[in-house]
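Worksheet for the structure shown next.
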Amino acid sequence: MEYTQLGRTGLKVSRLVLGTMNFGPQTDEADSHAIMDAALDAGINFFDTANVYGWGENKGRTESIIGNWFAKGGGRREKTVIATKVYGNMDPDGATVWPNHDKLSALNIRRAVDASLKRLRTDYIDLYQFHHIDRDTPFEEIWQAIDVLVQQGKILYVGSSNFPGYKIAQANEAAARRAGTIGLVSEQCLYNLAERRAEMEVIPAARDYGLGVIPWSPLHGGLLGGIIKKEVQGGRRASGRAADTLKDPAARARIQAYEDLLDKHGLEPGEVALAWLLTRPGVTGPIVGPRTAGQLESALRAVELELSEDLLTGLDEIFPGPGPSPEAFAW
């Protein structure tokens, strides 16, 4: 496994991030624990979760599964950089959102941290991430709440998720006005071969402010994992974002061209999609969310995969990025 610094911090993290969103809803606790053990054995030390994972009636379930794994001992907690998130309402889906039970008010941040610590069965969170922007809460209030938690030793670093570039700038400019506040050190955003809009504003802002970029959905909901070939062979059919995309003939043609290109090079689509992200400037590591141990093994091979210039050029031809900012939208 390769390691890198998380943004401008001294924290060393693996170039692959273990995503845990499937733990609970799709993968039972025993299999989830086995996947985390396998990830740690392979050198992955960076695990990502969120307080709302588990979803529906089981929000918080994923954090509890991780907490039970930590409780097994064996250095599991000490070896793991755990990242979780705050923003969403923790009541069951469809329930009335009680005032101050979601978003980024100082009150909800305080409550949410304590609840996550209890579920995770730990006394500190390495990376605490804002899951979404809060249009109603000023950053001065947010940073005041974070400063208290850092002083209490409950969190070490803070990151953002799904922030536009200007909010990254606003957050860190507000932090710079506060003595001793380090500000955001990472941004977790939607970024992959098929979805490159983050290159216009989000990634440039993250790089300028020293944030590590953590792409989520690196396979774009399975679209970049060889979905057409799997359908032809009678395997798993596309669903969600991938199915909607393939309804567009032009988009389907791009995915077919992508799979044909990689077939020519004798490479697996999912592994190439991950390896491509590892070549991108500013990227710390993509989040892989395996449902099975086999999927984790496939993701691990991407770290050692070297993409030729010829292949990278071919990928850019199929999935061209927006180009440099602001030229991409200014003229």
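Sequential numbering from 1 along the given sequence is applied to the chain's residues. The basis for the numbers below is simple: all heavy atoms, side chains too, and nothing from hydrogens, waters or symmetry mates.
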* Structure fact -> Exactly one of Thr84, Asn68, Thr122 clears side-chain hydrogen bond (donor to acceptor under 3.5 Å, both in side chains) with Glu63, and that residue is Thr84
Exercise: do [X] and [Y] side chains pair donor with acceptor under 3.5 Å:
{"X": "Asp147", "Y": "Thr181", "value": "yes"}
{"X": "Thr49", "Y": "Thr20", "value": "yes"}
{"X": "Tyr87", "Y": "Gln129", "value": "no"}

Point-to-point distance, once rounded to the nearest 0.5 Å, from [atom1] of [X] to [atom2] of [Y]:
{"X": "Ile109", "Y": "Leu104", "atom1": "CD1", "atom2": "CG", "value": "5.0 Å"}
{"X": "Ile155", "Y": "Ser116", "atom1": "CD1", "atom2": "OG", "value": "11.0 Å"}
{"X": "Ile228", "Y": "Arg252", "atom1": "CD1", "atom2": "CZ", "value": "4.5 Å"}
{"X": "Leu262", "Y": "Lys229", "atom1": "CG", "atom2": "NZ", "value": "10.0 Å"}
{"X": "Arg119", "Y": "Ile66", "atom1": "CZ", "atom2": "CD1", "value": "10.5 Å"}
{"X": "Lys79", "Y": "Asn45", "atom1": "NZ", "atom2": "CG", "value": "11.0 Å"}

* To do: Show which residues join Val52 in its hydrophobic cluster (side-chain heavy-atom contacts under 4.5 Å, direct or indirect), or state none.
  => Met21, Tyr53, Trp55, Met90
* To do: Give the other cluster members for Val148, using side-chain heavy-atom distances under 4.5 Å between Ile, Leu, Val, Met, Phe, Trp and Tyr residues; answer none if it is isolated.
  =>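 In the cluster with Val148 there is nothing else; it is isolated.
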Hey, does [Y] have a side-chain heavy atom less than 4.5 Å from the side chain of [X]?
{"X": "Val150", "Y": "Tyr157", "result": "no"}
{"X": "Arg135", "Y": "Lys103", "result": "no"}
{"X": "Leu307", "Y": "His265", "result": "no"}
{"X": "Val86", "Y": "Phe130", "result": "yes"}

* Could you give me the CA-CA distance, side-chain angles and deciding distance for Leu40 and Met36, then say whether side-chain contact (heavy atoms from CB on, under 4.5 Å) is met? => CA-CA 6 Å; Leu40 211 58; Met36 287 187 280; over 6 Å; no
[atom1]/[X]: more than 12 non-hydrogen atoms of other groups inside 6.0 Å:
{"X": "Lys118", "atom1": "NZ", "answer": "no"}
{"X": "Glu304", "atom1": "CD", "answer": "no"}
{"X": "Arg110", "atom1": "CZ", "answer": "no"}

Between [X] and [Y], which heavy-atom pair has the shortest distance, and what is it?
{"X": "Leu16", "Y": "Ser14", "result": "O-OG, 2.7 Å"}
{"X": "Trp276", "Y": "Leu312", "result": "CD1-CD2, 3.8 Å"}
{"X": "Ala194", "Y": "His220", "result": "CB-CD2, 4.1 Å"}
{"X": "Ser160", "Y": "Glu187", "result": "OG-OE1, 2.5 Å"}

* Would you please test Arg8 and Val185 for side-chain contact (heavy atoms from CB on, under 4.5 Å) and show each step? => CA-CA 7 Å; Arg8 64 188 185 280; Val185 303; 4.3 Å; yes
* Pair Thr27-Ile65, side-chain contact (heavy atoms from CB on, under 4.5 Å): steps then yes or no -> CA-CA 10 Å; Thr27 307; Ile65 288 173; over 6 Å; no
* Asked: Between Tyr258 and Phe319, how do the two ring planes meet: parallel, tilted or perpendicular, split at 30° and 60°?
  -> perpendicular
* Asked: Do Phe47 and Trp69 have ring centroids that are under 6.0 Å from one another?
  ->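 Yes, close enough.
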* May I ask you to say whether Asp48 pairs ionically with Lys85, meaning some side-chain N is under 4.0 Å from a carboxylate O? =>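 Yes, this pair counts.
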* Would you call Asp126 and Arg77 a salt bridge, using N to O less than 4.0 angstrom? ->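 Counted as a salt bridge, because a side-chain N and a carboxylate O are separated by less than 4.0 Å.
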* Asked: When you measure from the side chain of Thr4 to the backbone N and O of Thr284, does any donor-acceptor pair fall under 3.5 Å?
  ->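 Not at all, since once roles are kept as given, no pair shorter than 3.5 Å links the two residues.
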* To do: Run the numbers on Glu271 and Arg301 for salt bridge (Lys or Arg N to Asp or Glu O under 4.0 Å), then give the verdict.
  => CA-CA 7 Å; Glu271 294 171 17; Arg301 289 193 290 270; 2.9 Å; yes
* Asked: Which of these, Asn162, Ile168, Val213, sits in a side-chain contact (heavy atoms from CB on, under 4.5 Å) with Cys189?
  -> Val213
* To do: Check the pair Arg291, Asp31 against salt bridge (Lys or Arg N to Asp or Glu O under 4.0 Å), reporting the backbone distance first and the verdict last.
  => CA-CA 9 Å; Arg291 296 186 305 277; Asp31 287 343; over 6 Å; no
* Between Leu211 and Asn172, is a side-chain contact (heavy atoms from CB on, under 4.5 Å) present by the stated rule, with each step listed? -> CA-CA 10 Å; Leu211 279 65; Asn172 273 16; 3.5 Å; yes
* Asked: Where do Arg178 and Glu140 land on the salt bridge (Lys or Arg N to Asp or Glu O under 4.0 Å) test, with the steps shown first?
  -> CA-CA 9 Å; Arg178 300 180 62 85; Glu140 289 75 13; over 6 Å; no
